[in-house]
Number of protein chains: 2
Amino acid sequence: MRYPPGHKEEKRKELLAISGAAIKQGGFVATGIDTLMQAAGVTSGAFYSHFASKNELLKAVIAQELLHSRKGWQKNPHTDATQWLDFELERYLNLSHVRHPESGCVLPSLGAEIGRADDEVKTLFEQEMHKGVEMLAQRLGSEETAWAFICQLVGAVLMARAMPDKVSQATVIEASKVFLRDAFKRN
Amino acid sequence: MRYPPGHKEEKRKELLAISGAAIKQGGFVATGIDTLMQAAGVTSGAFYSHFASKNELLKAVIAQELLHSRKGWQKNPHTDATQWLDFELERYLNLSHVRHPESGCVLPSLGAEIGRADDEVKTLFEQEMHKGVEMLAQRLGSEETAWAFICQLVGAVLMARAMPDKVSQATVIEASKVFLRDAFKRN
DNA sequence: GTCTATACGCGGATAGAC
DNA sequence: GTCTATCCGCGTATAGAC
């Protein structure tokens, strides 16, 4: 055969990573398959060798992105609760994250579009989210607290990205940072 | 003249309200002008008698929706801080709001798309948001706290809408409700 | 002010050559 | 597996009749 074994799986992974970044940046509906494949250096016809439809791509992107987010949390080196929290707050609530959705968390970028997607997408999303919430709950005490923590972070980046300049963006994310630090300090 | 004075202004208001609902439900990019005007009972050609472009419509929708949100806060009858908070939490964090974006807050629905819009849109958004934050700050003590409050609410509804069933939706919004109640209780 | 008709581009998806 | 070519529908926006 002309391609080494495992080539297809690797190519799919590559397309997935590039598509994920482009979709987080431009939005799922707004970004066409032509654009996605151009970013990957192939033509739109090649897309369907790897994904059955654009909706299948969305599911694959969600699974990949949320897996990546969970891996990110596992890299937090701190055992002390306060230090662990500060590390996560700095990592998520910073201007670079606000200004670079293509390499950031999928939730502020695609949350609303997942909400408008079909049940297959939402069910997959729920399953992947729950894995993350279970992980966070071990640090934050309960799944309930983990959900509230996530909602605060996601809402802050979502709102900050809608702001026109760095100053107002910083105001929004710093507010949530202070609020969360304060809420978890008194336990 | 064939139409009474003020007819155009009224018609524009009507188109704006109907378009706002449809866009919050389906997304700004994903909803075409044909669809919007069909919902209003006119054809797409009529749209341009009232708005210069789809982007101008987005700005008008944002201004209208955020004005409506501020009016909603003003209807809160409570003076006691705890009662005021409970009233707002119940009003925003409930399943009906999660399941009816067309009549709900514009922020979870269009936040990400505003983030991808041009500077004109974002600047308008910032100005309108600041009016609301100033109002909330009088209740919550500071603009910083107001921002954090908004981010938690918006993130909760955004995440809940991405969930596939009522149970998981309720889990998300209840978590934020408890979290916020707890955070403001200890002041 | 609203209608119909239309220009023109881009959307998702498929067929067949290589 | 990827390419080119193509189908068909929908997107924004405009022109001109009524």
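Protein chains get the first letters and strands the later ones, always in sequence-line order, with residue 1 at the start of each.
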Whole angstrom value for the distance that separates [atom2] of [N] from [atom1] of [X]:
X	N	atom1	atom2	value
B:Arg12	C:dT2	CZ	C1'	17 Å
B:Met37	C:dT4	CE	P	15 Å
B:Gln38	C:dT4	CD	P	11 Å

Tell me which residues in residues 16-24 of chain A lie within less than 4.0 Å of DNA chain C, going by non-hydrogen atoms.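 Close to the strand, none.
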Sorted by number, the residues of residues 57-65 of chain B with heavy-atom contact under 4.0 Å to DNA chain D: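 Nucleic-acid contacts, sorted: none.
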Residues from residues 113-123 of chain B sitting under 4.0 Å of DNA chain D, heavy atoms only?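 Output list: empty, so none.
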Under the side chain to side chain donor-acceptor pair (under 3.5 Å) rule, collect the residues that match up with [X], sequence neighbours excluded.
X	answer
A:Glu134	none
B:Ser103	none
A:Glu143	A:His130
A:Lys13	none

Before giving the answer on side-chain hydrogen bond (donor to acceptor under 3.5 Å, both in side chains), spell out for A:Thr171 and A:Ser168 the whole-Å C-alpha distance, their side-chain angles and the decisive distance to 0.1 Å. CA-CA 5 Å; A:Thr171 301; A:Ser168 44; over 6 Å; no
Using a cut-off of less than 4.0 Å, is there contact between a side-chain N or O of B:Thr43 and OP1 or OP2 of C:dT2?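 Looking at the OP1 and OP2 atoms of C:dT2, neither is under 4.0 Å from any side-chain N or O of B:Thr43.
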B:Ser49: what forms a side-chain contact (heavy atoms from CB on, under 4.5 Å) with it, not counting sequence neighbours?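 side-chain contact (heavy atoms from CB on, under 4.5 Å) list for B:Ser49, sorted by chain: empty.
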Please list all pairs passing the ring pair (Phe, Tyr, Trp, His ring centres under 6.0 Å) test where one or both residues lie in residues 30-70 of chain B, with sequence neighbours left out.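 Non-adjacent pairs meeting ring pair (Phe, Tyr, Trp, His ring centres under 6.0 Å): B:Phe47-B:Phe51.
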Would you list the pairs meeting ring pair (Phe, Tyr, Trp, His ring centres under 6.0 Å) in which at least one residue belongs to residues 95-115 of chain A, sequence neighbours left out?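 Residue pairs passing ring pair (Phe, Tyr, Trp, His ring centres under 6.0 Å), neighbours aside: A:Tyr92-A:His97.
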Closest heavy-atom pair and its distance - A:Val172, A:Ala160: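 Closest pair (atom of A:Val172, atom of A:Ala160, distance): CG1-N, 3.9 Å.
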Residues in ring-ring contact (aromatic ring centres under 6.0 Å, His included) with B:Phe149, at least two apart?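 If we apply the ring-ring contact (aromatic ring centres under 6.0 Å, His included) test to B:Phe149, skipping adjacent residues, the hits are B:Phe184.
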From A:Phe125 atom CZ to A:Ile114 atom CD1, the distance as rounded to the nearest 0.5 Å: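 The CD1 atom of A:Ile114 is 4.5 Å from CZ of A:Phe125, to the nearest 0.5 Å.
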Rounded distance (nearest 0.5 Å) linking atom NZ of A:Lys122 with atom CZ of B:Arg161: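 Interatomic distance, A:Lys122 NZ to B:Arg161 CZ, rounded to 0.5 Å: 10.0 Å.
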Please write out the pairs of protein N or O atoms and N or O atoms of nucleotides 7-14 of chain C separated by less than 3.5 Å, giving the distance to one decimal.
from: C:dG12; atom 1: OP1; to: A:Lys54; atom 2: NZ; distance (Å): 2.5
from: C:dG12; atom 1: OP2; to: A:Ile33; atom 2: N; distance (Å): 2.6
from: C:dA13; atom 1: OP2; to: A:Tyr48; atom 2: OH; distance (Å): 2.9
from: C:dA13; atom 1: OP2; to: A:Lys54; atom 2: N; distance (Å): 3.1
from: C:dA13; atom 1: O5'; to: A:Tyr48; atom 2: OH; distance (Å): 3.3

Is the closest side-chain donor-acceptor distance between A:Arg116 and B:Gln25 under 3.5 Å?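 No pair is found: no donor N or O on one side chain lies under 3.5 Å from an acceptor on the other.
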